[in-house]
Amino acid sequence: VQFAAAQRTTSPQVLIQKHLIRLLGVLLPNFKVEDTPSLLEVDMFHVLVGIVLSFPSLYWEDAVDLQPSSISSAYNHLYLFHLTTLAHITQIVVSSATESPTARSSDNSEEARSAQSFCREVCQYASGQDIPGWHVWDCVKKGIMPYLRCAALFFHYLLGVSPPEELLQVSEEGQFKALCSYLSLPTNLFLLFQEYWDTVNPLLQRWCADPVVLSCLKGKSIAIRYPRKRNSLIELPEDYSCLLNQASQFRCPRSSDDEQKHPVLCLFCGAMLCSQNTCCQELVNGEELGACTSHALQCGAGVCMFLKIRECKVVLIEGKTRGCLYPAPYLDEYGETDPGLKRGNPLHLCRERYRKLHLLWQQHCIIEEIARSQETNQIFFGFNWQLL
């Protein structure tokens, strides 16, 4: 939040306005704008944070730096939050259309009836299948909890409003009601659609006209489910010799000679790459990049984590010019790593060390670890990370 507030004073307001318009293009789709992502292809909490923090830029004019009043800001936050919440509920309802109810229920609550009514409205735009209201409400209630928790934390730190003590309750039902109360939402979330129906109805028609959404409403299976599963690093074999066997069978797809290769394993996606060889260098924006660096741009937006199999070392990369080595999560019977495989002792996966690598990634600490490592190991400043 502090970083975003600082960006408002250091970045051009015109640039922030363009960023805001692009984010709003997801919620207020205009088919004349190219490259607008589908409703199902975005994370709504990410959109919420972006539009809330960049919305004040709309008050800016040439040579006049206006700021919204506290009352205007409060209403802006409320309506923007309601808009993203409505979009997220639609995401969950659309994705639930591809699921078959596992059991029958006689739930005839107000929420189930509202869900049934809303689902019929959505399905009429795509001639989709009718889904039981109780099933839709169950999917929405389970799927929206992570979004509500994140939104509560965000507004707590943005506005300084203390959360209710009821959030400490163990039961999910108690937490759901407390979150709705804290965020000014009705416990029957579908009442939001009734409150803003004249505004939301044309938006629903545009959202449902998207090809990805249409295919879901017609029952075609997709990989998106709510709540979303947390990303994790790939599964590694217990015995390091399995990785060595994979490396020995690796053949560079761009080279037919028998030159010694340096296979590396991306810990984000599991791709095996040919590192430090000219055969796999790519030209990106006029620059020659090695296989790892170019893969990092696609797989992790420039930040990535690789295992150099024949050296038993982990490589952390950030951008085109920075990186560092990190101990591999494989230990011998004495609890020691074997960088370079010089000792030749059997190595086995250490779950605790791999968990630390996992946390390093999930807590966005890779860049910090690279900076810390380069402070203590000046030798890596001379290494050409760009061609890794």
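- In this structure a side-chain-to-backbone donor-acceptor pair under 3.5 Å is present from N245 to S241.
- Applying the salt bridge (charged side-chain N to carboxylate O under 4.0 Å, His left out) test to E318 and every residue at least two apart in sequence or in another chain returns R322.
- How far CG of L316 is from CD1 of I367: 11.0 Å, rounded to the nearest 0.5 Å.
- Contact check for E336 versus N345: no side-chain heavy atoms found under the 4.5 Å cut-off.
- P263 and M272 make their closest contact through CB-SD, 4.0 Å (heavy atoms, listed as atom of the first residue, atom of the second, distance).
- Judged by distance alone, with hydrogens and angles left aside, the side-chain atoms of Y354 form no donor-acceptor pair with the main-chain N or O of L233 at under 3.5 Å.
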Listing, residues 78-86 side-chain donor-acceptor contacts under 3.5 Å, not counting sequence neighbours, or none:
unit_1, atom_1, unit_2, atom_2, d
H82, ND1, Y196, OH, 2.7
H82, NE2, S184, O, 3.3
T84, OG1, L80, O, 3.2
T84, OG1, F81, O, 3.0
T84, OG1, Y147, OH, 2.8
T85, OG1, F81, O, 2.7
T85, OG1, Y147, OH, 3.1

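- Follow the hydrophobic side-chain contacts under 4.5 Å out from I21 and you never reach V52; the two are in separate clusters.
- Residues L325 and V315 meet the side-chain proximity criterion, which asks for heavy atoms closer than 4.5 Å.
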message: Could you go through I317 and V303, starting from their C-alpha distance and side-chain angles, then the distance that decides it, and tell me whether this counts as side chain to side chain contact (heavy atoms under 4.5 Å, CB included)?
response: CA-CA 5 Å; I317 286 183; V303 178; over 6 Å; no
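- Closest approach of P146 and G143 over heavy atoms only: CD-O, 3.6 Å.
- Note that the CD1 atom of I234 and the SG atom of C266 stand 7.0 Å from one another [nearest 0.5 Å].
- Not one N or O on the side chain of W361 forms a donor-acceptor pair closer than 3.5 Å with the backbone of C304.
- Side-chain N or O atoms of R343 include one that pairs as donor or acceptor with a backbone N or O of T337 at under 3.5 Å.
- Distance alone, capped at 3.5 Å, places no donor-acceptor pair between the H348 side chain and the D239 backbone.
- Annotation: E195, atom CD; neighbour count of heavy atoms from other residues, nucleotides and ligands within 6.0 Å is above 12.
- Note that SG of C269 and CE of M305 are 12.5 Å apart. Values are rounded to the nearest 0.5 Å.
- Not a single salt bridge (charged side-chain N to carboxylate O under 4.0 Å, His left out) links R353 to another residue, sequence neighbours left out.
- The pair K141-E111 does not count as a salt bridge, with every side-chain nitrogen at least 4.0 angstrom from each carboxylate oxygen.
- Residues F268 and C299 approach most closely at CB-SG, 3.7 Å, considering heavy atoms.
- L359 CG: more than 12 foreign heavy atoms inside a 6.0 Å radius.
- Among all heavy-atom pairs drawn from S248 and R310, the shortest one is CA-NH2, 3.9 Å.
- For residues 356-371, the set of pairs meeting the salt bridge (charged side-chain N to carboxylate O under 4.0 Å, His left out) definition, not counting sequence neighbours, comprises E369-R372.
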query: Should Q175 and L148 be marked as a side chain to side chain contact (heavy atoms under 4.5 Å, CB included) after you check the CA-CA gap, both sets of side-chain angles, and the distance that decides it?
result: CA-CA 10 Å; Q175 287 187 13; L148 295 181; over 6 Å; no
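- No single ILVMFWY cluster, assembled from side-chain heavy atoms under 4.5 Å apart, contains both L191 and V200.
- The ring pair (Phe, Tyr, Trp, His ring centres under 6.0 Å) search around F193 returns F118, not counting sequence neighbours.
- The shortest side-chain heavy-atom distance between L203 and L27 does not fall under the 4.5 Å cut-off.
- Between M145 and L179 the shortest heavy-atom distance is CE-CD1, 4.0 Å.
- Around NE2 of H46, the count of heavy atoms belonging to other residues, nucleotides or ligands within 6.0 Å does not exceed 12.
- In this structure, H88 and L48 have side chains that are not in contact, with every pair of non-hydrogen atoms separated by 4.5 Å or more.
- Looking only at side-chain heavy atoms (C-beta outward), S109 and N188 stay at 4.5 Å or farther from each other.
- What you find for P186 and L189 is that their closest heavy atoms are O-CD2, 3.4 Å.
- Proximity of a side-chain donor or acceptor of Q91 to a complementary backbone N or O of L39 within less than 3.5 Å is detected.
- Here CE of M44 is found 11.0 Å from CD1 of I144. Values are rounded to the nearest 0.5 Å.
- In this structure, F154 and F45 have perpendicular ring planes: the angle between them is above 60°, well past the 30° mark.
- To the nearest 0.5 Å, atom CD1 of residue I51 and atom NE2 of residue H19 are 10.0 Å apart.
- Shown here are the side-chain contact (heavy atoms from CB on, under 4.5 Å) partners of L341, two or more places apart in sequence or in another chain: Y240, L244, C312, D338, L347.
- Counting heavy atoms of neighbouring residues, nucleotides and ligands inside a 6.0 Å radius, atom CD of E352 exceeds 12 of them.
- Hydrophobic clustering (ILVMFWY, side-chain heavy atoms < 4.5 Å, transitive): I366 and L307 are in one cluster.
- A heavy-atom distance below 4.5 Å is not found between the side chains of Q116 and H135.
- Separating the CZ atom in F176 from the OG atom in S181 is a distance of 11.5 Å, to the nearest 0.5 Å.
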